[in-house]
Novice: 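Encoded as structure tokens, here's the structure I'll be asking about.
Quantities reported herein were computed from a predicted structural model and do not represent experimental measurements.
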Amino acid sequence: QAIRGLAVSFVVLYHAGAESVFSSGFIGVDIFFVVSGWVITNSIVSRQDRTGRFDFRAFWIRRFLRLAPALGVVAALTGGLSLLFLAPEAAKQSIWTGIGSVFSSGNVAAYHFTSDYFSLSGELNSMLHSWSLGVEEQFYLLFSVLALLVTTLIATKRIQALTLTFLVLFFSSLTLAFLGHSDLFDGWIAEALLGFYSPVPRLWEFCLGALAYLFARQFGYIFGLRGAVTYGLGLLLLVASPFGLLPGGTPPTSWSVALAVVGATMVLVSTPGRLGKLVLSQPVLLWIGDRSYSIYLWHWPLIVLTAQSIGDFAWAGWIGAIISIPVAAWSY
């Protein structure tokens, strides 16, 4: 929860207007993907231990109840408010992106309207942030199908089979991510299949979280002095990543993304020393982490709508971000 709290804080600060400081704050999304890989793998494997099988239907019912109601409310309210406060074209993009997000394809809609996430048209789409939810739900679909196949075909060594499967996907996705940002591909392949909004070049992050859990399950967490050092270094990388200290690359293959993803993984597989416990046990951070999904859902629509309703005002982003906290707490 504390890692989620840090991740959503990076994203909100970046979107609120702190780009000059948190120039890579968008990597909070990549941290979420790593944590999601860990959490979902933990959930599925633990349930398999208890029941002896993977229940595909129950998995998707849990995912639906966890994600869909809140997302549906945000998409509906944001669509209505966009009609009131945004220009017709921006309102149209926001509404259709919101509809796409409800059907796990917010990233597809976002790419259709705004191929460049960092463009001006993207700043006017009040549901643009739902692209990451689409990517995550597409991860869940792939993972659940693989889990069903592996546990059906391989009963005795399913953990080893899952580990091998995720290793293959990890290296395949990482390779494609780098190829997508090289001069080898162009056009639709580079922009849509291997571009910013695609799940393909980010699948390695989800796989890394899954592999981290499987590693900890089979070999145990890193304890003692080594655990404290690993945890401390991971936390340092995690906290340093949004500042863009290492220039170079383009998301999702930038050095900032690498720092964040590796840092999150190191924290997950190790046990903290006193300093680590002190940092990640702060009540405020845990409170934010508990409500991270709600905060993430609300912050961008309220930032966009506030900025458009009060005009060109330097503090609009901060006002929208601040408003999103009590709204997210209420909806949570």
Side-chain angles (χ1 to χ4, degrees), residues 2-15 18-39 106-107 110-111 114-119 122 128-136 138-139 166-167 169-182 184-185 190-212 230 233-269 292 296 300:
I3 298 176
R4 284 174 168 167
L6 282 174
V8 78
S9 298
F10 296 159
V11 175
V12 172
L13 288 170
Y14 173 79
H15 284 156
E19 298 101 324
S20 59
V21 178
F22 292 95
S23 59
S24 297
F26 50 80
I27 53 85
V29 171
D30 301 282
I31 297 171
F32 268 111
F33 290 156
V34 177
V35 175
S36 291
W38 173 285
V39 170
N107 56 329
Y111 172 75
T114 313
S115 58
D116 182 4
Y117 173 80
F118 301 98
S119 68
L128 181 69
H129 66 316
S130 67
W131 74 267
S132 64
L133 301 176
V135 169
E136 188 159 351
Q138 289 151 23
F139 288 161
F166 283 124
L167 276 172
L169 289 174
F170 170 82
F171 286 111
S172 299
S173 171
L174 193 57
T175 300
L176 288 171
F178 280 105
L179 291 177
H181 288 83
S182 68
L184 186 62
F185 299 108
E191 294 177 3
L193 183 62
L194 302 177
F196 186 92
Y197 294 113
S198 172
V200 175
R202 297 180 189 270
L203 179 59
W204 68 275
E205 299 168 358
F206 188 87
C207 289
L208 191 59
L211 289 168
T230 303
L233 288 175
L235 187 58
L236 180 62
L237 294 178
L238 203 59
V239 173
S241 59
F243 293 98
L245 299 177
L246 295 177
T250 305
T253 56
S254 67
W255 283 110
S256 296
V257 171
L259 284 180
V261 169
V262 171
T265 306
M266 293 172 69
V267 169
L268 287 170
V269 299
S292 57
Y296 186 78
W300 181 247

Novice: What is the distance from atom CZ of Phe22 to atom CZ of Phe10, rounded to the nearest 0.5 Å?
Specialist: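 The CZ atom of Phe10 is 7.0 Å from CZ of Phe22, to the nearest 0.5 Å.
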Novice: For Ser292, run the side chain to side chain contact (heavy atoms under 4.5 Å, CB included) check against Ile3, Val11, Val8 and tell me which one passes.
Specialist: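 Of Ile3, Val11, Val8, side chain to side chain contact (heavy atoms under 4.5 Å, CB included) with Ser292 is met by Val8 alone.
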Novice: Please identify which of these residues, Trp300, Phe196, Tyr111, meets the ring pair (Phe, Tyr, Trp, His ring centres under 6.0 Å) condition with Trp131.
Specialist: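 Testing each of Trp300, Phe196, Tyr111 against Trp131, the sole residue satisfying ring pair (Phe, Tyr, Trp, His ring centres under 6.0 Å) is Phe196.
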Novice: Would you name the heavy atoms of Gly244 and Ser24 that are closest together and state the gap between them?
Specialist: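 Shortest heavy-atom separation between Gly244 and Ser24 comes out as CA-OG, 3.5 Å.
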Novice: Does Phe206 have its ring centroid less than 6.0 Å away from the ring centroid of Phe33?
Specialist: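 For Phe206 and Phe33, the ring centres are not under 6.0 Å apart.
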Novice: Do Leu128 and Tyr197 have side-chain heavy atoms sitting under 4.5 Å apart?
Specialist: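 With C-beta onward as the side chain, the pair touches.
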Novice: Let me confirm one number: the CH2-CZ distance from Trp204 to Phe170, rounded to the nearest 0.5 Å.
Specialist: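 CZ of Phe170 is found 6.0 Å from CH2 of Trp204.
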Novice: CG of Leu194 to OG1 of Thr175: how many Å apart, nearest 0.5 Å?
Specialist: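 Separation between the atoms: 11.0 Å.
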Novice: Measuring only between side-chain heavy atoms, which start at C-beta, is Ser36 closer than 4.5 Å to Phe139?
Specialist: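 In short, these two side chains do not touch, never coming nearer than 4.5 Å.
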Novice: Do Ile27 and Asp30 come close enough that some side-chain heavy atom pair is under 4.5 Å?
Specialist: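 A side-chain contact exists here, since the closest heavy-atom pair is under 4.5 Å.
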Novice: How about Val39 and Arg4: do any of their side-chain heavy atoms sit closer than 4.5 Å?
Specialist: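 SC-SC contact between Val39 and Arg4 confirmed.
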Novice: Just wondering, do Leu6 and Ile31 contact through their side chains at under 4.5 Å, heavy atoms?
Specialist: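 No, their side chains stay 4.5 Å or more apart.
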Novice: Side chain of Ser254, backbone of Val257: donor and acceptor closer than 3.5 Å?
Specialist: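 It does hold such a pair.
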Novice: Looking at every heavy atom in both Val34 and Ala264, which two are closest together, and how far apart are they?
Specialist: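 Of all heavy-atom pairs spanning Val34 and Ala264, the closest is CG1-CB, 4.3 Å.
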Novice: Out of curiosity, Met266 CE to Leu233 CG, how far, rounded to the nearest 0.5 Å?
Specialist: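 Result: 4.5 Å between the selected atoms.
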Novice: I'd like to know whether Ser132 forms a side-chain hydrogen bond (donor to acceptor under 3.5 Å, both in side chains) with Tyr296, so could you lay out the CA-CA distance, the side-chain angles of the two residues, the decisive distance to 0.1 Å, and finally the verdict.
Specialist: CA-CA 10 Å; Ser132 64; Tyr296 186 78; 2.7 Å; yes
Novice: Could you state the interatomic distance from CG (Leu211) to CG (Leu268), rounded to the nearest 0.5 Å?
Specialist: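 Answer for the CG-CG pair, Leu211 versus Leu268, is 12.0 Å.
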Novice: Let me confirm one number: the CG-CG distance from Leu203 to Leu208, rounded to the nearest 0.5 Å.
Specialist: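 Rounded to the nearest 0.5 Å, the CG-CG separation comes to 11.0 Å.
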Novice: Do Asn107 and Pro199 come close enough that some side-chain heavy atom pair is under 4.5 Å?
Specialist: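 Yes, close enough: below the 4.5 Å cut-off.
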Novice: Whether the side chain of Ser173 engages the backbone of Leu169 through a donor-acceptor N/O pair (distance < 3.5 Å, no angle test) should be reported.
Specialist: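 Looks like no, no N/O pair under 3.5 Å.
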